[in-house]
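Inspection log for the structure reproduced underneath, given as structure tokens.
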2 protein chains.
Amino acid sequence: MQIENIIEQKNLKLTSARRELLEILLKENKPICFEDIKDKLTMNKATFYRNILKFQSNDMINSFESNDKKRYYELQNSPHSHFICNICNTIECLKKIDNIELEGYKVMDVVFKGICKNCLEQSR
Amino acid sequence: MQIENIIEQKNLKLTSARRELLEILLKENKPICFEDIKDKLTMNKATFYRNILKFQSNDMINSFESNDKKRYYELQNSPHSHFICNICNTIECLKKIDNIELEGYKVMDVVFKGICKNCLEQSR
DNA sequence: TACTTAAATGCGACTTAATCGCAACTGTAG
DNA sequence: CTACAGTTGCGATTAAGTCGCATTTAAGTA
């Protein structure tokens, strides 16, 4: 999916800041936080946050907070869940789990917390 | 469960700040954030956060961030999941869901995001 | 190609969550 | 009653996120 198409689909202006931000998100292909990328950003941080908000309200990205108290952002290419390890704090993307449904609710995102495979094995 | 017992089980000192904080958490019986209770707190906010950390490392409370970008804390009396509505931002406690397991992981907490029952009905 | 304008940006100030170092204080074991 | 490790209050600090405003820019239109 090209950046031009993504933007056009949502009827947004394609600015250099937005191109930059989308390129970063596409390239990373995993949840990233502001701190991870602030040095790469040429745009002002206010612009960063305003575009994050814009993208979120257009369902282009989702975000969640990890154990390190930082907010992570990720492109919503392919919807999937995340697992955050309480020990090593690693964020793992899980394969889409489509059997998670709650009667009466529309579930759009799931974040699991607990102990990941690696840490479980090391505790044996 | 009495506060004295909770503290004693964990080999922590029972200070007035900790009694106050636990009383608040017990009384609320739902996830609360710093802002919700800061006016009630007689302790310093550094003390608040230090005790939150202490309680967390002793598995007495868990925390998660909601859509309002505030961190919510809750006593781990009875483990259960939470549903955060992307529309009304309400945090709901769900009944313990014990059929959620991930092969190879230890799941300790689940946060769902999506659209809650109320908002779903209103969108019809 | 130039014009127009709503939307986007940069900047600086601001708010607030969360943390830190340090001196003073306080539970609790002995 | 005492000693001391652990806890607290305080003030300063860091960093995420927001806001208002002047300036700039993308993109449609003539």
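Any value given below was found using the heavy atoms of this structure, including those in side chains, with hydrogens, waters and symmetry copies removed. For clarity, every value in this text was computed on a predicted model and none was experimentally measured. Throughout, a chain's letter reflects where its sequence line sits, starting with A, and its residues are numbered from 1.
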For residues 22-38 of chain B, please give each side-chain donor-acceptor pair under 3.5 Å, one per line with the distance, not counting sequence neighbours.
{"unit_1": "B/Glu28", "atom_1": "OE2", "unit_2": "B/Lys40", "atom_2": "NZ", "d": "2.9"}
{"unit_1": "B/Glu35", "atom_1": "OE1", "unit_2": "B/Lys70", "atom_2": "NZ", "d": "2.5"}
{"unit_1": "B/Asp36", "atom_1": "OD2", "unit_2": "B/Cys33", "atom_2": "N", "d": "3.2"}

Given axes from five pairs at either end, by how many degrees does the helix from C/dT1-D/dA30 to C/dG30-D/dC1 bend, rounded to 10°?
-> 40°
Output side-chain donor-acceptor pairs under 3.5 Å for residues 104-112 of chain B, partner residues at least two apart or in another chain, one line each.
{"unit_1": "B/Tyr105", "atom_1": "OH", "unit_2": "A/Glu92", "atom_2": "OE1", "d": "2.5"}

Tell me, please, which residues at least two apart from A/Gln122 pass side-chain hydrogen bond (donor to acceptor under 3.5 Å, both in side chains).
-> none
For A/Thr42, check side-chain hydrogen bond (donor to acceptor under 3.5 Å, both in side chains) against everything at least two apart and list the hits.
-> A/Glu20
If you look only at pairs with a residue in residues 43-53 of chain B, which of them pass as a side-chain hydrogen bond (donor to acceptor under 3.5 Å, both in side chains), with sequence neighbours excluded?
-> B/Arg18-B/Asn51
Residue list, side-chain hydrogen bond (donor to acceptor under 3.5 Å, both in side chains) with A/Gln76, at least two apart or on another chain = none
Please lay out, stage by stage, how A/Ile87 and A/Asn118 fare under the test side-chain contact (heavy atoms from CB on, under 4.5 Å).
-> CA-CA 10 Å; A/Ile87 294 178; A/Asn118 280 343; over 6 Å; no
For B/Leu14, which residues count as a side-chain contact (heavy atoms from CB on, under 4.5 Å) partner, sequence neighbours excluded?
-> B/Ile3, B/Glu4, B/Ile7, B/Arg19
Could you pull out all residues at least two apart from B/Glu65 that satisfy salt bridge (Lys or Arg N to Asp or Glu O under 4.0 Å)?
-> A/Arg71
Which protein N or O atoms sit under 3.5 Å from an N or O of nucleotides 27-30 of chain C?
{"unit_1": "C/dT28", "atom_1": "OP1", "unit_2": "B/Leu14", "atom_2": "N", "d": "3.0"}

What integer distance in Å separates B/Met43:CE from C/dT26:P?
-> 15 Å
Compute whether any side-chain donor of one residue and acceptor of the other, for A/Asn67 and A/Asn89, lie under 3.5 angstrom apart.
-> yes
Please tell me if the side chains of B/Glu74 and B/His80 come closer than 4.5 Å, counting only heavy atoms from C-beta onward.
-> yes
Expected string for nucleotides 15-21 of chain C under the B/S/- scheme (protein heavy atoms, under 4.0 Å, primed atoms plus P, OP1, OP2 as sugar-phosphate) is --BBBBB
So where does chain A start and stop touching DNA chain D, 5' to 3', when the test is distance under 4.0 Å to a non-hydrogen atom?
-> D/dA16 to D/dA27
